[in-house]
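Each chain gets a letter, A, B and so on, in the order the sequences are listed, and its residues count up from 1. Just so you know, these numbers come straight off a predicted model, no measurement behind them.
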Protein chains: 2
Amino acid sequence: MARATIKTIAQKAELSVGTVSRALKDCSSVKDKTKQRVRQIAEEIGYVRNLDGLRLRTGRTYSVAVVMTTPTTGSHEWEGVEYTNILNGIMGSLRGTMYRAAIYPVDDFDSSFQEIRNIVEQRLADGIIISGTRPDDARISYMLEKDFPFVTYGMSEHFTPYSYVDANSQEMSQKATTRLIQLGHTNIVSINPPDELMYSKQRQRGYIRALQDAGIEVQAEFIATGPLTPEFGKATVKALYNNDKKPTAYICANEASALGVLSAFYELGIKFGKDAIVNATDDINVSAYFTPPITTYFLPIEETSKALGEFIIRRIEGEPAQDLQRMVMPQLIERQDDRLKP
Amino acid sequence: MARATIKTIAQKAELSVGTVSRALKDCSSVKDKTKQRVRQIAEEIGYVRNLDGLRLRTGRTYSVAVVMTTPTTGSHEWEGVEYTNILNGIMGSLRGTMYRAAIYPVDDFDSSFQEIRNIVEQRLADGIIISGTRPDDARISYMLEKDFPFVTYGMSEHFTPYSYVDANSQEMSQKATTRLIQLGHTNIVSINPPDELMYSKQRQRGYIRALQDAGIEVQAEFIATGPLTPEFGKATVKALYNNDKKPTAYICANEASALGVLSAFYELGIKFGKDAIVNATDDINVSAYFTPPITTYFLPIEETSKALGEFIIRRIEGEPAQDLQRMVMPQLIERQDDRLKP
DNA sequence: TCCTAAAATACAAACGTTTCAATTATTGCT
DNA sequence: AGCAATAATTGAAACGTTTGTATTTTAGGA
């Protein structure tokens, strides 16, 4: 049997398609009794709106583009970010609405920009979610200029208000550093994402501020930036192994790089808790099972990703961007006391 | 400026829309010279086909549904499967074709079935990719019956040929077990996914066969099944800690559960390499950074996921299912010698 | 009862595409 | 030249919606 359309309902209800259309969308110009009858029939024959017809007519796409930078294919390195969780969160908040998510995996900034241009010009989506933001992010400027609805995961330094969801990286980084200083550490290494990313900058700022507040001199070589893989974490430890000032603590931006740090400890014979310790931020509860478990700052990834979906819809529906901003504060999970013991 | 449509081209080329449409799709009934002219113009004004019109007219959706069972939301447990990689692979092979992937995250078998029914009945996609297959998988029966194109990640026990991509779990499990037996282990624990999944069955079969071949009695309590999280791996070790026969080796179905096993070792004071060792299958190169690194079987996840995308398209285009089957054999990566040393 | 205003519905066009049937242009042959 | 056969193109309808405008129905006075 063919799929039920508005026309099917119209025939059954002896109404015109126009009225049925209006009835279904609760238009005030149609009588309550009629609405009821139409809904009744629609229910009975299991009618669902055909999106293609709708799109064609309205010019809207009812889809949200999620432009995500995904790990370089072929690298085989775990980047620790749980895209699944993010996608789940976004799709979760889209459920029940008319919107669908369309994923656009890209592998660097330029191709993400290109993809965004494409989406905007071809009207491939009604709104865009992006991540991997930069302090001066050309994609944001572009979408602002085109007045195209978007939400970012992470912030930038634009003046014009825009909608974002982010973890408070700077404060978290500062707190984490201060905590370690208070526990007696002075040679603290900060492992960060690539330099051009906004949250790398924020993390570095927080780190530096904490050191300055404590009157500790900042060592340039203690600020590492690179892809947040185990490989990079490991390489960082090795690179500093023969440094005159020996690091006694590492604060990693995610669990993947922290795993690499532990791996380096193991390989180099650095004793955890005696020679050095590791912390991580952006915990997604993997490090609870590390050997040993490490202290982290938990990222409520469900909350942030749900907000992404919610915000983009509200943005599309016209809510002002400045009302759609969320900053979450990750929570400390102390799995070690993180003092050095003899 | 409004978006360029077929009509725009028709006007510029002084042709009817019908001819333009045919010209663009390389129909034999239109003159070569005309085709060229049309293409030229299309190129110039940056025409791209409007999918909604196409869909509405043809009734095809040009989208592939990816119905994936995702980790239970709220569980906060790492399941180790890199959905990102799978998605990337699928989307990679869709790139350049007219097809788009639409993700349907579901959280259990029933809802995945429901979602599939929906997709088939409402013709929400032209083809479906599913995972988490069972020996007697009702979803597969359903799609076979409806003659709806699909590809599975993992196998079932259906007679009718269908398109699948899978790792050779049984052989891998058997080989892994045999290898450990040859290295002197007799009390080997097999950590598997939930019992109802096909690949759990395959793994158990391989494990049992290896033991039988070696004349070793199978201990029921050495076959564990459950969610492949670190938590489960850890719990399994703990549950067997006071067993009369002490396990000396664990073969985990993925790296996440292996991480849990190592975590239990650490907590219980079980010395790796002296008291027991751990192996894992479905390696996605995280365990190289474990403490210590462990022996695994590497899963070429790019290859499998690329095949998924490729197969579903070819299936949609009408290729017979029996030509679209791929079984990959994971490769041993020896990161330990895995003998017990005093 | 009739008229007017308001309420409810019907009609028809449009979105961009494909495709069937009909028409026109071209070619080859006598 | 003329004719048939074929090649190339056109016209129009259709897919399922929404929506502006026209039309009909209803209700409320006088």
- Query: Under 4.0 Å between a side-chain N or O of A:Arg49 and OP1 or OP2 of D:dT18?
  - Reply: yes
- Query: Using a cut-off of less than 4.0 Å, is there contact between a side-chain N or O of A:Lys7 and OP1 or OP2 of D:dT17?
  - Reply: no
- Item | Evaluation steps, side-chain contact (heavy atoms from CB on, under 4.5 Å), between B:Arg3 and B:Asn50 | CA-CA 9 Å; B:Arg3 203 177 136 174; B:Asn50 179 315; 4.1 Å; yes
- Relative to the 5' end of DNA chain D, which residue comes earlier, B:Val30 or A:Val48, by the nucleotide with the nearest heavy atom? B:Val30
- Query: Between B:Thr19 and D:dT10, does any side-chain N or O lie under 4.0 Å from OP1 or OP2?
  - Reply: yes
- Euclidean distance, atom CG of residue B:Asp52 to atom P of D:dT18 [Å, nearest integer]: 14 Å
- Query: Got a donor-acceptor pair under 3.5 Å from the side chain of B:Arg22 to the base of D:dT10?
  - Reply: yes
- Message: I need the CD-P distance between A:Gln11 and D:dG16, as an integer number of Å.
- Response: 12 Å
- Task: May I have the distance from A:Met98 (atom CE) to D:dT17 (atom C1'), rounded to whole angstrom?
- Result: 11 Å
- Query: When the distance from CG of A:Leu56 to P of C:dG16 is rounded to whole Å, what number comes out?
  - Reply: 7 Å
- Query: Does the side chain of B:Thr58 get closer than 4.0 angstrom to OP1 or OP2 of C:dT17 through an N or O atom?
  - Reply: no
- Establish, yes or no, whether the cationic atom of A:Arg134 lies under 6.0 Å from the six-membered ring centre of A:Phe109 and within 45° of the ring axis. yes
- Hey, what do you get for CZ (B:Arg314) to CG (B:Leu324), rounding to the nearest 0.5 Å? 5.0 Å
- Task: Give a yes/no verdict on a cation-pi contact between A:Arg315 and A:Phe311, requiring under 6.0 Å between NZ or CZ and the six-membered ring centre and an angle within 45° of the axis.
- Result: no
- Query: Do B:Thr61 side-chain atoms and B:Asp126 backbone N/O form a donor-acceptor pair below 3.5 Å?
  - Reply: yes
- Would you tell me if any nitrogen or oxygen in the side chain of B:Lys25 comes within less than 4.0 Å of OP1 or OP2 on C:dT19? yes
- Task: Describe the nucleic acid contact of A:Arg55 in one word from base, sugar-phosphate, nothing, applying a heavy-atom distance below 4.0 Å.
- Result: nothing
- Message: Regarding B:Ser21, tell me which of base, sugar-phosphate or nothing describes its non-hydrogen contacts under 4.0 Å with the strands shown.
- Response: base
- Query: Looking at the side chain of B:Leu15, which of C:dT17, D:dT10, D:dG16 is the nearest nucleotide?
  - Reply: D:dT10
- Scan A:Asn50 against the nucleic acid and name what it touches under 4.0 Å (heavy atoms): base, sugar-phosphate only, or nothing. sugar-phosphate
- Message: Measure NZ/B:Lys31 against C1'/D:dT9 and give the value in whole Å, please.
- Response: 9 Å
- Taking for each residue the nucleotide of DNA chain C with the nearest heavy atom, is it A:Val17 or A:Thr34 whose nucleotide lies nearer the 5' end? A:Thr34
- Query: Does A:Tyr62 have a side-chain nitrogen or oxygen under 4.0 Å from the phosphate oxygens OP1 or OP2 of D:dT17?
  - Reply: no
- Task: Would you classify B:Thr5 as touching base, sugar-phosphate or nothing, given that sugar-phosphate means primed atoms plus P, OP1 and OP2, and contacts are heavy atoms under 4.0 Å?
- Result: sugar-phosphate
- Query: Of all the nucleotides listed (D:dT17, C:dT18, D:dT9), which has the minimum atom distance to the side chain of A:Arg57?
  - Reply: D:dT17
- Rounded off to whole Å, could you give me the CZ-to-P distance for the B:Arg3 and C:dA14 pair? 20 Å
- Message: Is there a side-chain contact between B:Glu44 and B:Lys12 in this structure, where contact means two heavy atoms from C-beta onward sitting under 4.5 Å apart?
- Response: no
- Message: Nearest whole Å is fine: how far is D:dT25 C1' from A:Lys33 NZ?
- Response: 13 Å
- Item | Overall bend - the helix from C:dT1-D:dA30 to C:dT30-D:dA1, comparing terminal axes fitted on five pairs, nearest 10 degrees | 60°
- To the nearest angstrom, how far is B:Leu24 atom CG from C:dG16 atom P? 15 Å
- In this structure, which one of B:Phe113, B:Phe150, B:Phe148 forms a ring pair (Phe, Tyr, Trp, His ring centres under 6.0 Å) with B:Tyr142? B:Phe113
Return a table of donor-acceptor pairs under 3.5 angstrom between the side chains of residues 30-39 of chain A and protein atoms on other chains or two or more places apart.
from	atom 1	to	atom 2	distance (Å)
A:Lys35	NZ	A:Asp26	OD1	3.1
A:Lys35	NZ	A:Cys27	O	3.3
A:Arg37	NH1	A:Ala13	O	2.8
A:Arg39	NH2	A:Asp26	OD1	3.2

